[in-house]
Structures are given as structure tokens and as C-alpha cells.
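One structure is given here, and the rest of the page talks about it.
Note that the structure is predicted; figures quoted are calculated from it, not measured. Every chain is numbered from 1, with letters handed out A, B, ... down the list of sequences.
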Protein chains: 2
Amino acid sequence: MKQKITIRDVAKLAGVSSATVSYVVNGINKVSEETKEKVFEAIKQLDYQPDFTAISLSKRKSNMLGVMMPFVDNSLAPMFRENYYYTEMIGGMESIARKNKYDLLISGVRDPQDCKSWVTKRNLDGLIFLGLFPEALYEELKSLDIPIVLIDNYEEFGKSYHNIRIDDELGGYLAGKHLIERGHRAISFIGHDLANFPVDWNRSNGLKKAVTEAKLSTDAITFFEGKGSSFEIGYEMGTKLLELGDKSTAIFASSDILAMGIIKALQERGKEIPHDYSIVGFDDLAINMISRPGLTTIRQDVFNKGVVSAQTIIDAIEQKISDPVHVTLSIELVERESTRRLE
Amino acid sequence: MKQKITIRDVAKLAGVSSATVSYVVNGINKVSEETKEKVFEAIKQLDYQPDFTAISLSKRKSNMLGVMMPFVDNSLAPMFRENYYYTEMIGGMESIARKNKYDLLISGVRDPQDCKSWVTKRNLDGLIFLGLFPEALYEELKSLDIPIVLIDNYEEFGKSYHNIRIDDELGGYLAGKHLIERGHRAISFIGHDLANFPVDWNRSNGLKKAVTEAKLSTDAITFFEGKGSSFEIGYEMGTKLLELGDKSTAIFASSDILAMGIIKALQERGKEIPHDYSIVGFDDLAINMISRPGLTTIRQDVFNKGVVSAQTIIDAIEQKISDPVHVTLSIELVERESTRRLE
DNA sequence: TTGAAAGCGCTAACAG
DNA sequence: CTGTTAGCGCTTTCAA
């Protein structure tokens, strides 16, 4: 194996000290043009690559970002396999990270200790949290003094961190309004554990708001809660809805993937979408293109959410911002074929 | 910010030298039980976390694995957004990596230089390649002397690296046999640039084999080649197939996502699956659950492919293997509702 | 069985 | 403007 080219090799070849090389490499402006010239020449000749590990050690900065994902069944596998929401967002983060010469480290976390030690061991410069974690985790991390970005967080304690989200209530409202305007008077809401998941709770709340605004009784809504937000759960809920003989004409699902599961269940039982049920989803992920009929949904730009999150944390790391940043990204209803006007 | 706890703090508290602490931490067996005891006690008391960066610098080993993904349109975004094949596989890698205390770094590469410098800068211990890259890249990397795992590679030069793949030709053969046994005598193959993508070429070749074996003329197959393997391309190809007035009764698509695009195109033009066309896909990704009718496909365990790849590279890093390992994982045909027997 | 000390490659006072 | 030098936190000879 070839010997690694170090800053000293460059220094020697350029006939200067390693400090000078370091200055040049880091663009510290106190080196004469002439010397710079020589150094650059030597760098090119040797194909010198500064070692991030060493930089990291001496600067206490790794240029690495940690991305925390929730475990499902003690593993991240289901996340990667089925949570297209997260992978799409990670795509956005990656693009910004690379542009700024950061690398992304992705991990699931068991307990706060684990997480903290991961950050310490790897010298991570910042942390992005996808999903909900126990408050103790954030508490534990406070002492680390690195920027933290929370996505879709509504917790009180979350306010002291950077926050990137959308207006979930507005999303629910738009969905509700869309259905009500099309004559639906009995709507089923299908979401994930409303008591514990503020995102779904807010979406359902938006629906309620639309119903109230239209001067309908809130009985117009039937609530179904699953224990998760997967295709299978959607399928389960759809089946349940039929079994219960629910009389609603429209369904608002708190995520696209849930909606797809519901649609499958309904279609398998001979129901036609949108003839028998109008359905609205949420997110507008890339998988939507697969769905037939095309899914009417509340579109959020998930990729961009990743972009903004990564940019926020990098800005924070590089001291361009200090106070917690709270960003609310825009959403819109996209009408496709899964909803219809009730005659 | 709290001062970082170093090995010296532990040493001091335990009343030993830092070298001794290092021995204990690394399980180097030349420390008396008694001293070990004291050291462990001190570690616990201080909640000492060895710093990977420092370890990395002094051992020249980072415990980080690089995963290279191909760029699409100069970005990884489409990969994360739509290539469920890769994300599913990354899930598998992550699980093994974490178990072995490795972290995964994911990157796209522009040119060989870039890649090499990434490895050098980050001190990566190993590299996994998803997809096809120019040969020059691998050449460039040779001098780095780190283990490299290639996924789905059929190139001649790939033989000197570790290789994880399936028998793609067998897959094509199984698909073809399935269709032929069900009475289909005119089959369209839809794949990605056969001249340059051996995976698709092998799959099509398997189909040919089945056709030949059944003593049919190879005219029985019509080939369609798209420039990619996405839903959109599938849609495009499906449309084209109809426009050409192709008389085939069955379609073998070289990936599920392609198949879904094809199905969408056909269904939109009023064709019924499997009544008008029987369709077989390839991979059996999680998105398949969305498809209606359920897609008959060649199932490979993509998650497991990630697992095996990661395990292989870790074994190589830790010197448990030396010669290039070539693994061929098993596949099977999964029959669902998208294929039918021709009467 | 333990410790002193010289690195690993780079940065950043400080001195000149 | 440039160089000297002391770290960053850990490993690993080598000697005791």
C-alpha cells in the first residue's frame, strides 16, 4: 500500500512549513501569493488529500451529520423498506450535505445514552431527528451543545430546537373542505394513534375544522385509529371500515401509504373508487404514481423538507444562525381521480 | 460545554496509565484482573466514550463503510425517491453494519478521483458499489487496498472483487417458462439498454432460453429497450407497445417498477391485466403490495442482499476472508394475479 | 503486568 | 508573512 501523502510531504516539496500548507488549504489569508503558488503546485503534484479524520480530531468538527430514524420492531429495516416518506427526505438532505461537503450518518436509536455516545464517538456536528422520540433523549443531548433539527415536531419542549414542518392542520382542513365542497357529509378519518401522534392529531383536527366551518355536526366524521402508518395497517383499517358497515362516502387518510392500503382493501371487496368512496391521502410521495385511480392528496414537498432541514443545520453549525429556526413549508391539495362530486 | 472525557481522565481516576486503559478497552489480554476492575469502574463512573475519530487516526481504521450509488441527472435524489430496490438493500446493510459497530456513508460519485479522495479523506474501511460504474473507477481504487463489494456486477474486471448477485438469467428463464407453460406464444420483453446493462441482458437471455427450450422460434419475443428502469419509462414503453400494435399476449418486464409503469399505461388504454396481457416483473419489492392486480414476479430477497454484502465486506475488513467471494443468492417465481393461462 | 513516549495528520497559538 | 510547537485522543512499540 502506497504511503499516505501528508501535509508534511507537501510542505517539504514546496519548501515551506506544514503550518503554511495548512493556511493555504484552509484559505487563511496571510500567505503571500508566491508561496501559495508553490504550495498549490506541490499539492497538485502529490495529489494531496487532507485527512478528514485528522482535521476532525484537531478541529473537533467532523463534517458529519447524524440522522436519527425511529426503530420499528427493533430495526430500521421497515423504515428503509416501506417508509418512502423518510427515504425521499433523506434524498433531499443528501443533496445539500454533499454540496457543503458534509456526510450523512444514518442511525436508529434505542436509548438516549446510545444516541449521545454515538454523537460523542463520531464527533457529529449536528443531528436531525426524523420522527418522534422520547423527551428524555433530547434532554440528554442538550449537554452536547450541537445544533439539532426536529422534523414534524409539535412537542412543547421541541420549541428550543430548530423545527421544520408543515401546517398539518391546514392540510387536514384542505382535505375536509375538498370533500365537503363535493357534497360529502359523512367522512371517515383514518390515522395513527391520535393521542400520541400530534401530526395525525393535527390533520384530523383540520378535518374537524372544515366540518365545523361547513356547519355540519362533528358526527359527520368517524375516526379510525391504527397503530402505525403502513400499507398493511391501511389495509386492515379499510377492511374494518367495511365490516363496521360504515356509511361514510369519503375517507381522509393521514398518509398516502395508508390510503393505498385502504384502497386495496376496498377494491378487493368490490368497491369502486371514487364511485363508492372518495379518498384523500397525504404527502404525495413518488409511489403515488403507481396508484389507480390517481390519488387526490395533500402535497408536501418532502424532498425539499430534507433540503431545508439539512441547510438549516449546516447554517447553524457554521454559525450563520443562532436562535431556533422554525420553518413551516407550504402544502397544497392535488386533485386526481380518487375523489368525486356526490350527486 | 462539558469537557470531553478522555482516556487520560480514566487513567488518572483509576490510578493507571492511559496505555493500560487502552489495553482494557480493547480487550488486550495482558492486564491483571485487579487493574481491569479498577479501570472498568473508572470508565463507568466517568461515562467514558472512546473517540472514534482518534481511534481512526491512530489505527487507520474508521469503522465506516462507503456505499456508492449511481447519479441520475447529476443527483442521488431520484435514487432515494424512486429506486426502492436500492433503499431496501441499504436497509439490509444498515442492520449488519450497526450490529458490527460500523456506520454507513452514502454517496454518489462523479469521477474516479472524487471517489478515491472520499475514501482517503474519510479513511473508509470498505466500499460497496450499487450499480454500474466506469471501469476506470475500480482501477483507480485498486491502489487503495481496501475491500470492495460489487452488487449485480457481470463485468470481467469485477471478478477480482467480492461479488454479490443473483442468477439473472435463471430469473428470466423462470419468467419465460411460467408464461410459456401458460400458453403464451408471443412475449414482449421490456428492459433497460441491453447492450450496456448485463443484468437486463441476462434476464432477457433467460427468457430466450425458455423460448428455445420450448422449441418456439425466438421471433416469439419482441424486445423493447428503454433508457432507464423507472416507472415513467415503463409507462412510456407500455404506451409504445400498444401504439406499435404489438400482438404479444404476455410481457416480461425486467423490474417491478417498470412493470408498474407498463400496467398503468395499459390499464389507462382500457386493457385488462391479466386478461389482455399477462405480466411478470422482477425483484418483488415492497411496493408490489400496492399493485392491482398483484404482480407475478421473480422474487429476490433484496434486504438480504444488503445483509450479505455488508457482512462480506466486514468479514473482509476483519480479515476473516481474503480471496474474492462470489455469492449468488437464490430467487423464486412468485405467482400472483397478473398472469393467467391462455385458453 | 504496566508505563513512557512517540506517533497518526492536522490546526492554531505564539513567536519571529 | 512564515515557522515552531504543542496539542486533539488514542494506539503501540519498547523498556522496565
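In terms of phosphate contacts, B:T20 brings a side-chain nitrogen or oxygen within less than 4.0 Å of OP1 or OP2 of C:dG3. Within the structure, every side-chain polar atom (N or O) of B:Y23 is placed at least 4.0 Å from both OP1 and OP2 of D:dT13. Side-chain N/O atoms of A:S58 include none lying less than 4.0 angstrom from OP1 or OP2 on D:dC8. Contact check, B:R60 against C:dG9: a side-chain N or O comes under 4.0 Å of OP1 or OP2. Not one side-chain nitrogen or oxygen of B:S17 sits closer than 4.0 Å to the OP1 or OP2 atom of C:dA4. Considering only side-chain N and O atoms, B:S32 lies under 4.0 angstrom from the phosphate OP1 or OP2 of C:dT2. OP1 or OP2 of D:dC1 has not a single side-chain nitrogen or oxygen of A:T35 nearer than 4.0 Å.
Using a 4.0 Å heavy-atom distance criterion, B:S56 is classed as making no nucleic acid contact. Nucleic acid contact class of A:V16 (heavy atoms, under 4.0 Å, all strands): sugar-phosphate only. A:V25 comes within 4.0 angstrom of nothing in the nucleic acid, heavy atoms only.
Between the CZ atom of A:R8 and the P atom of C:dG9 there is a distance of 8 Å, given to the nearest Å.
The pair A:R98-A:D103 fails the salt-bridge criterion, with no side-chain N (NZ, NE, NH1 or NH2) lying under 4.0 Å from an Asp/Glu carboxylate O.
Along DNA chain C, the nucleotide nearest B:K30 and the nucleotide nearest A:F52 are compared for position; the residue whose nucleotide lies closer to the 5' end is B:K30. Across the interface with DNA chain C, nearest-nucleotide mapping of B:G15 and B:A54 shows B:G15 to be the residue nearer the 5′ end.
Not a single donor-acceptor pair under 3.5 Å links the side chain of A:D125 to the backbone N or O of A:L65.
Aromatic ring orientation, A:F157 versus A:Y138: tilted (interplanar angle from 30° to 60°).
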